2 protein chains.
Amino acid sequence: MLDAERDVQARLGDHPLDFASLDAISNIYRAAGSVRRRAEHELLSSYGLSFGGFTIMWVLWVWEEMETARLAEECGVAKGTLTGMLTTLEKQGLVSRNRVESDKRRVLVDLTPTGQTTIAELFPKFNAFEAKMSGGLSIEEKHELARLLRVVVANASDD
Amino acid sequence: MLDAERDVQARLGDHPLDFASLDAISNIYRAAGSVRRRAEHELLSSYGLSFGGFTIMWVLWVWEEMETARLAEECGVAKGTLTGMLTTLEKQGLVSRNRVESDKRRVLVDLTPTGQTTIAELFPKFNAFEAKMSGGLSIEEKHELARLLRVVVANASDD
DNA sequence: TTCTGATCGTTTGGTACCAAACTAATTTCC
DNA sequence: GGAAATTAGTTTGGTACCAAACGATCAGAA
């Protein structure tokens, strides 16, 4: 990466380059992309799940039945995106949608029994995968990584 | 996140949960997604660029003319994906494709003069954006974040 | 030479993803 | 009580993204 730093600085001329920020932020995507692809390849594809689909199921497993809006928020996707992903999961028989009687605009999403079984079997494997992806880091380093990332998330979420 | 930890542990029963790994890895996506959306919103949309399109232009700016295969690798996308993104950038007049005379399978991609101007103007703003997204972190913390992420990338790239 | 295998970029088919427009249901305010 | 504003989820139109199949080109061997 030092070559890049020198080259970028050359392009910028006298414009100062904040390389530390570039280094921190640009590595976030690189890491996210490579871990995501690896997870889909190595683990999720055999369950017919995308990374996003897995995330939905995990959230529902932990917090149980949930409205669409909150589910989208928890999963970090737009609500329109969630509609399509839920349709996919519904076709696979993994989640169910139920209109709320008292307010028919709302929809409650929940895991089906099949979905429950699937995520209960899958999650331990996924957690082991996460351990492998963070292999070589101490527990303190893992928590430090999470802490630093939370600062970035907070910055990016400011309104 | 501590509620989640307790809830997940409850679901897992006696199965041990590696929460530190979960914490580290799951925050990577959250951070990547929120920073990406913010960048597109706040900065890239006014240039008509997606995050991926910006990445391509940045790589070409730093390393200059490059073959498709290496460009895809540098940008962290599949080569088929790159084809479509290059078509978009080509339509916008920002990059050009040129077949290599000595080996007509190969294609060299480069920035057009317009592309050069665009990225030279945009990059300082993007770097300032990166600084904002990593605001509140010291220089040492930024480099530590990058270092920890590189470990993850290396783990995810193992064959 | 010509056949075989490898390599490069593109195409294809499909999901994921977003923002904005839309529809239906509910609440607010006069 | 009814029009207007608000809210929830879906639909729409478009890009991004992947893996696998494809077509063209090149390199090597018989």
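To find a chain, count down the sequence lines: A is the first, B the second, and so on, and within it residues start at 1. Source: prediction; values computed, not measured.
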Between [options], spot the one nearest the side chain of [X], thanks.
X        : options                : value
B/Asp103 : C/dA16, C/dC18, D/dT25 : D/dT25
B/Arg106 : C/dC8, D/dC18, D/dA8   : C/dC8
B/Thr81  : D/dG9, C/dG9, D/dA16   : D/dA16
B/Arg36  : C/dC17, D/dT10, D/dA16 : D/dA16

Does [N] have OP1 or OP2 under 4.0 Å away from a side-chain N or O of [X]?
X        : N      : value
A/Arg38  : D/dC18 : no
B/Arg97  : C/dT10 : yes
A/His41  : D/dC18 : no
B/Arg105 : C/dG9  : no
B/Arg37  : C/dC18 : yes
A/Thr68  : D/dG9  : yes

Looking at every strand, decide which applies to [X] at a 4.0 Å heavy-atom threshold: base, sugar-phosphate, or nothing.
X       : result
A/Ser45 : nothing
A/Gly76 : sugar-phosphate
B/Ser50 : sugar-phosphate
A/Gly52 : sugar-phosphate

(request) Could you tell me whether a side-chain N or O of B/Arg105 sits under 3.5 Å from a main-chain N or O of B/Arg99, the two making a donor and an acceptor? (result)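 Side chain of B/Arg105 to backbone of B/Arg99, a donor-acceptor pair under 3.5 Å: no, none is there.
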(request) Output yes when a side-chain donor or acceptor of B/Ser34 lies under 3.5 Å from a complementary backbone atom of B/Ala31, and no otherwise. (result)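 Yes, the answer is positive, given that a donor and an acceptor are paired below the 3.5 Å cut-off.
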Euclidean distance, atom [atom1] of residue [X] to atom [atom2] of [N] [Å, nearest integer]:
X        : N      : atom1 : atom2 : answer
A/Leu86  : C/dC17 : CG    : P     : 12 Å
A/Arg99  : D/dT10 : CZ    : C1'   : 9 Å
B/Leu82  : C/dT11 : CG    : P     : 13 Å
A/Ile56  : C/dA16 : CD1   : P     : 8 Å
B/Glu67  : D/dC26 : CD    : P     : 13 Å
A/Met85  : D/dT10 : CE    : C1'   : 16 Å
A/Lys104 : C/dT26 : NZ    : C1'   : 12 Å
A/Leu44  : C/dA16 : CG    : P     : 11 Å

(message) Do A/Ser96 and A/Glu90 make a side-chain contact, defined as non-hydrogen atoms from C-beta onward lying under 4.5 Å apart?
(response)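 Side-chain contact under 4.5 Å: no.
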(message) For a 4.5 angstrom cut-off between non-hydrogen side-chain atoms, does B/Ile56 reach B/Leu89?
(response)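 They are in side-chain contact.
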(message) Grouping I, L, V, M, F, W and Y whenever their side-chain heavy atoms are under 4.5 Å apart, do A/Trp63 and A/Leu82 come out in a common cluster?
(response)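 In one cluster: yes.
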(request) Let me know, please, whether B/Ser102 or B/Leu49 comes out on the 5' side of the other along DNA chain D by nearest nucleotide. (result)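 The 5'-side residue here is B/Leu49.
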(request) With DNA chain C as reference, determine whether B/Arg70 or B/Glu40 sits nearer its 5' end, using the nearest nucleotide of each. (result)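 Its nearest nucleotide being more 5', the pick is B/Arg70.
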(request) Find which nucleotide of DNA chain C each of B/Thr83 and A/Phe51 is nearest to by heavy atoms, and output the residue with the more 5' nucleotide. (result)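 Closest to the 5' end, via its nearest nucleotide, is B/Thr83.
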(message) Working note: A/Leu43 + A/Phe54, criterion side chain to side chain contact (heavy atoms under 4.5 Å, CB included); need CA distance, chi angles, decisive distance, verdict.
(response) CA-CA 11 Å; A/Leu43 184 58; A/Phe54 169 77; over 6 Å; no
